[in-house]
Every structure is written in structure tokens, then in C-alpha cells.
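Shown next, in C-alpha cells, is the structure this report addresses.
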Amino acid sequence: MSSAAPKQVKPRAEKRPERKNGGRSTQPGGLRSPHGWQPHVSGALLKKRDELQPVRMALPIWPQAEPIRHALRRNNVLVLTGETGSGKSTQVPQFLASEPWCTKTIAITQPRRVAAISLARRVADEMGSLFGSQSPAARVGYSVRFDNATGPNTKIKFLTEGMLLQEMLRDPSMSQYSAVIVDEVHERSVNVDLILGFLRNLVSDMARDGKKRKAPLKVVVMSATADVKGLVRFFADGLPSPSGSANGTLDVPSTQNKAEPNPLATDQISTCFVEGRQYPVKTIYLPQPTLDWTESSLKLIFQIHYKEPLPGDILVFLTGQEVIEGLEKLVNDYAEGMDKEIPKLLPLPLFAALPQQAQQRIFQPAPYRTRKVILATNIAETSVTVPGVRYVIDCGKSKVKQFRNKLGLESLLVKPISKSAAIQRKGRAGREAPGQCYRLYTESEYTGLEERTVPEILRCDLSQAILTMKARGVDDVPNFPFLDRPPREALEKALMQLLNLGALTETGCISDIGLKMAKLPLTPALGRILIEAAKPERDCLHEVIDIISALSIDGSIFLNLVTEERKEAAEEARRELYRREGDHMTFLATVQQYAEEQTDRKAWCERHFVSHRTMQNVMNIRKQLRQQCQALKLLSSPDPPGPSENKTEAIIACLIRGFINNTARLMPDNVYRTVIGNQKISIHPSSVLFGRRLEAILFSTFVFTNKTWARDVSAVQLNWVEEAWDGMM
DNA sequence: GAGCACTGC
């Protein structure tokens, strides 16, 4: 193993012509790093690095560098708890980069794209390295969908969880990495649960049979909350018991049914705790429970505003767009009547559906003598850090997606948050100075909250997660090491769905079709549709890719119009795009016409009341899907076909293949009922088929509010649905 | 004639 180390430090980059800094090696800036393998670093980069050094050294995690290195020399797994502001995400990879065992790349995962990119940029600065694909010499890079910024010498690679999962499908032993750092584990995305399960299997395989990898893979699990015990047990349970293992510990990978892990195995998992950097935040509860968060928030906003000096913005956590916009209006109304002596109030809404530009307003400093009031959803809990906040108002609720096994549909419900979410929200007041948190519930209500937010894997449709597992060779899904095991019915439902789609064989193994589906960035249903379209007898892959691309983006490609005038104008302008066959064919027409437009696509969008930004997104996905179809040998050429004949029937047949469960027929009383489950369902008003009475419909989305709506609808014939069922049997 | 927390490949 020791002989592997020097091999890696001979950079191929030295022999290559430099792209950006070519010819600068004679300049004083062309220095080498202490490790001697980073050629041609410019003086400016080194200056920045040296300036950042004292900042790094002041981070709470800095003194832990040596203990962390030591722990990973001894053991392969480290569970690290680091509170907000500890510096773990930027420092831990740097601590490990020059370790003797670290001959290859370090991967560090993030739940979100922005975090992966901005952390990579920061670490590059701190290391005095070029960044991404700027130069072959760059030692820090990132990989997110549509944007791979890594080079031949990338030593530290930030990537999204989804990206790492895709890599794991293609390289199960993770041979390009010396270490994998899984960050933000406490958020418990489905992807993180899968990654941890796969890593645990890898670690346990290594312990039993080291041949699968030349050098051990080091695993660091980083979390902001301290469920250290659970994570240690999770990994320890996978390790062989040195005392003879007659108790079946190896093969019953459960985190639930064992009281204590084998102490010897536990000893093989290192732990580390690092404090965060947080100002104190005072908590104030309501004396009496309330149901009217809007009114309570309004009162508190003005109470804080009158009582507390500037600066200090207010962040209000609410459930959704409607409530936010209502409160925004009320704050504006009441603020008008304020004494001129009092500073102004500026309410700013913040939710994901808000256009990017409007979201940016929260980062601009407040005008003179003005206090910002940010009215936000959960987005401000993790995804967006709002600067300048000293007061938090927390309504104690959030909207949660819940998958209902029996109905096979997901619905969005307002539910109480967990204690850990309440603590997270409160913490948002103490980032820059001591703060206050007003909870719109009583202390005893708080005491009654669940400790932790229910992990997503217990709440969602599992078909995609299980497809990923099967594609990675997990045949025994019920015995997969889940951090939290989903209920049996949820697993069975997902397995049935995959069987119906032909992703699994009758024995439950993954089929060729399933393997291809797993590699596509699509839900199983959409992936199946795409593969169906590639069949010679269907021959409509290009068309189906266009439709799927439009279905993959969130929101609509058509602009949502407010005034009656604009609505009518849009109806008129879009007439050439609308298809009587339904929304899917309408999407096809729109994507095709947009793609054909060569001169001014932006103007084309304005003429048709189509969102240009969304269409650019659609085109990105379309391009990626074409490339992937080529890689999967579904498509011989990435070029679009010539003028296409009418393929409507073939296209609809493909859609039915993936969405056979999402079909409904018109009943004698003029309501649609789903073919499976006999659920009442209505065509959503946003559909081109709204108000139409058709023999049967197929839809790609449920929206469950006060009614069950079918969105993205196509007209189908009942016998097509029946034939599809027969074909599957 | 409705209105959808948040991520991500």
C-alpha cells in the first residue's frame, strides 16, 4: 500500500500544456505546494490562501484535525457530529487530503447543488488551488447534474447525493475514491439513506474480504445533530464479530432489534464531536394556544418592531405561498398607518416557487431605517441562509408530503414540526448576534412534539429507491441495512409497481429494462415510457424524450397569467400549440416548435406566453436524455429525426405502459374514476382537456387538495388500457 | 375554473 502513495503524486498535468496559466512557471507565482505536486499556482491564489489561513485556524473544528486524522488511521469509519458553524464541511476533506492512505480522490456529498458548488469554491480558495476544470492542476472540483467541474488531479470532489448514487451504480466498489464523506446526514434524504446503506455493505464486505478493493475505503459520516449512537450501531452491526459470530449479527442488519452492538465492533467506529458557533437565542412561547398564525405573527412583527432597536431583521416561518402572500399584504397595510417617527417595515416573501430574482431580494441590505421581515417556508430552514436575522417567529407547522400506500398517491398536509426542526428554526436568529425566537405555540405544545422529523424514506413512494438498490445488486431488499426500515406494505407496493413496469423479473431480480431505468435521471414510470418508445414497433423515442423533458421540470412551461386580458391573449396565441389529444401532445408540439425556432427563442416564448427559463431547462434535460439513450444503446444517433409522421397512437401507447395505474374512465354520472382503486378524480383546470368528457384519460400527475385532480392529461381509449393490461399479464 | 413544503439524477 505504501508504494501506491508516490505513484499518485506524479501529476500527469505536469506534462500537459497548461490551458489557463500556460507558460507562467518561470514567474515567482509558479510555486509548488508543500506536497510538491501542484504545479503553477499563481501568486494571487497563494495570497488568498494565506489570508484565509487564520480564519481556518479560528474554526471550532481546527483543533480536532489531528484527532480526526488519527481516528481514520486506526479505523475505517468515523462518525462526526459538528454543529452549525463548526467548519466541518470545508475542513475535514482538507485534513484528510495528505494522509498516507489517501492516494485517490476524496468524495464529499451534499444534499443541494448550490452547497456542492459553493463549498468547492471555498475549499479551492483555502488550498490556494485552481478550481473545477479551470486547469488540469486544479485539486478541488465538483460534480452536479449538467455541470461536471472536475479534472485529472481533482483530490477533493464535492458532489450531490444523487450524483454519487449514479456513480455507485457504475462503479460499485468506488475504486476512484480513498474516502467518502457524507455530509448533512441529519437531513435524512432518501438518497443519504441509500448511500449509507451501500457504504455499510461496502465496509462490512471489506472487513470480511479485503480483495474487493486494493486499499480500504474510509467513510466519514457528518451530522449536525447527535444521533451518534444510532450511526455507530448502524456501522458496527455490519462488521464481523471477532468472537465467533454465532448470533447471526452479520446477516441481520437491523438498527432496531438489537439493544447494544458488539462492543468490539463498536470499537472499530470512531466518533468525534465538535461544537458549533452560535449566539444565544431566547425562546418566548405563547401563553395560550392559537390557530390563527397570521394574526399572531402580525401582532408579534409589530411588537418586535416597536420594541427592538435596529438592526435586526425578522424571519417568520409559515406553511406556504398562500399564507405568506396574505401576511405580506397585511404587514404592508398596517405599516402604512405607522407613525412617521418609526422605522419602516419591508415584508419580503420567500418560497421555492418564487422567481430567482425575487428570492435574491432577501440578500440585499435593507434601505435606511428599514427593518426587513422575511416571510418564508421551510426553504429558510436549510436551503437558504437569510443574513441579518435576529428575531424568528415560528408557527410550528409545515407542509409535509405523505405517500398513502392504499391509494398509491402522495398528498401534502399541514403538520406540526418536530423538536429538531423547531430548534433549527430558532437557531436562525443566532447566526450573527444574540437573538430571540417567538414560538406561536405553548411550551407544553413544544414538549409534546416528536423529537425528530420523520425521515423521507418513511413517507415517500419507494419505487425509485428500490430500483436503485436492485440495480446495485441488493437482491434481499427487506434485509437491506436501512437506518429506518420502511413499513412492509410500502416496500411491497413499490416492488409490485416495479414488477408491473417490467423492471423486475418474476423472481424479483432486476431485468435488463430495470437496469437501464435505474441509470436514467427519471422516475421509474417515466424511465419505462422512454424505454418503451425505443422499441422498433413504437419508434417514437425522440418525441417521447421531448414530452418527458417537459414533464420532468417542476412547474409549467406555460406562464401563469393573472389578468383576464392576458389569459385570453394567451389562449389565442397558444392555439397552434394546443392539441386535442391532450397535454402530452401539447407539450410535444411546444418543445418541437421551440427547438425549431432558430433565430429568437426568447421572442418566440413571449409570443406564446411560454416561460423561456423553463424551456431552457427542458432543453438541458432533453440533451442529457438523448446522450444517455445513446449510451444505453437505445438511440443510434443523438440527432433529431426528420419530419415525423403522426405518431400519436404510438406515443400514447408508451405513456400507458408507464402510467397504467394512472388511468381513469368516465362513469355514467359523468365523473372520472380511476381504473385501479375506483377513486374519484377530476381533470385539473390547467389541462387543455379541462371540462371535456372523454371515454378514458391517462394522467402523469396527481394533485391532492380539497379534491383529487389529474394534471397533465391525455385522452385514451378504454380498449387501449385493457390491451395494455392484457399485454402485461 | 384551481392554486402545489423542499430537494435531486
Side-chain angles (χ1 to χ4, degrees), chain A residues 109-116 143-148 159-170 184 187-192 194-195 317-326 350-354 376-384 395 397-402 409-415 417 421 424 453 455-457 459-460 464-465 467-468 471 517-524 526-527 548-549 552-556 560-562 564 567 571 617 620-621 624-625 627-628 682-692 701-712:
Chain A
T109 67
Q110 292 296 319
R112 283 167 289 279
R113 297 165 55 100
V114 268
S143 174
V144 300
R145 190 181 186 181
F146 305 129
D147 193 2
N148 182 357
L159 29 58
T160 46
E161 293 159 357
M163 270 308 210
L164 187 73
L165 274 178
Q166 282 295 317
E167 287 187 0
M168 287 172 111
L169 288 185
R170 289 166 173 84
E184 312 285 14
E187 291 191 22
R188 292 295 305 275
S189 62
V190 174
N191 283 344
V192 119
L194 290 181
I195 287 172
F317 282 100
L318 298 159
T319 51
Q321 180 175 349
E322 201 182 343
V323 182
I324 286 171
E325 285 172 346
L350 177 65
F351 45 89
L354 201 67
T377 59
N378 283 0
I379 193 172
E381 217 176 278
T382 48
S383 308
V384 179
C395 76
K397 309 273 176 197
S398 69
K399 282 191 185 171
V400 190
K401 189 169 70 184
Q402 191 85 46
L409 61 82
E410 288 171 331
S411 49
L412 214 50
L413 304 167
V414 175
K415 292 237 167 145
I417 61 173
Q424 176 75 16
T453 309
E456 194 188 359
I457 202 155
R459 293 186 280 115
C460 74
Q464 196 159 15
L467 182 63
T468 307
M517 284 163 62
K519 289 179 180 168
L520 291 166
L522 298 170
T523 60
L526 288 176
I548 287 177
S549 304
S552 292
I553 48 103
D554 41 23
S556 168
N560 200 8
L561 304 157
V562 187
E564 277 309 311
K567 273 183 191 170
E571 289 296 312
N617 237 324
N620 260 338
I621 296 169
Q624 189 190 33
L625 288 177
Q627 284 167 350
Q628 286 172 330
S682 315
I683 299 177
H684 196 273
S686 65
S687 168
V688 300
L689 295 181
F690 175 72
R692 297 269 303 277
T701 331
F702 284 113
V703 181
F704 183 82
T705 52
N706 54 343
K707 222 170 155 182
T708 309
W709 299 101
R711 268 189 46 185
D712 305 337

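Throughout, protein chains are lettered first and strands after them, A, B, ... in sequence-line order, and every chain is numbered starting at 1. This is a predicted model, so every value here is computed, not measured.
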Under 4.0 Å, heavy atoms only, any strand: does [X] hit a base, just the sugar-phosphate, or nothing?
X	answer
A:L412	base
A:L522	base
A:V414	nothing
A:Q321	sugar-phosphate
A:S398	nothing
A:F351	sugar-phosphate
A:R459	nothing
A:R112	sugar-phosphate
A:T377	sugar-phosphate

Exercise for review: Tell me, please, which residues at least two apart from A:E184 pass salt bridge (charged side-chain N to carboxylate O under 4.0 Å, His left out).
Suggested key: none
Study note, to complete from the structure: Nt span of DNA chain B in reach of chain A heavy atoms at under 4.0 Å, 5' end first, is B:dG1 to B:dC9
Contacts of [X] that satisfy side-chain hydrogen bond (donor to acceptor under 3.5 Å, both in side chains) - sequence neighbours left out:
X	value
A:E456	none
A:E187	A:R112
A:S686	A:H684

Exercise for review: Report the residues that fulfil side-chain contact (heavy atoms from CB on, under 4.5 Å) with A:V400, sequence neighbours left out, ordered by chain and then residue number.
Suggested key: A:S398, A:K415, A:R459
Point to revise | Residue closer to the 5' end of DNA chain B, A:H684 versus A:M163 (nearest nucleotide) | key: A:H684
Check your understanding: Is A:L522 close to A:L625 at the side-chain level, that is, under 4.5 Å between some pair of heavy atoms?
Key -> yes
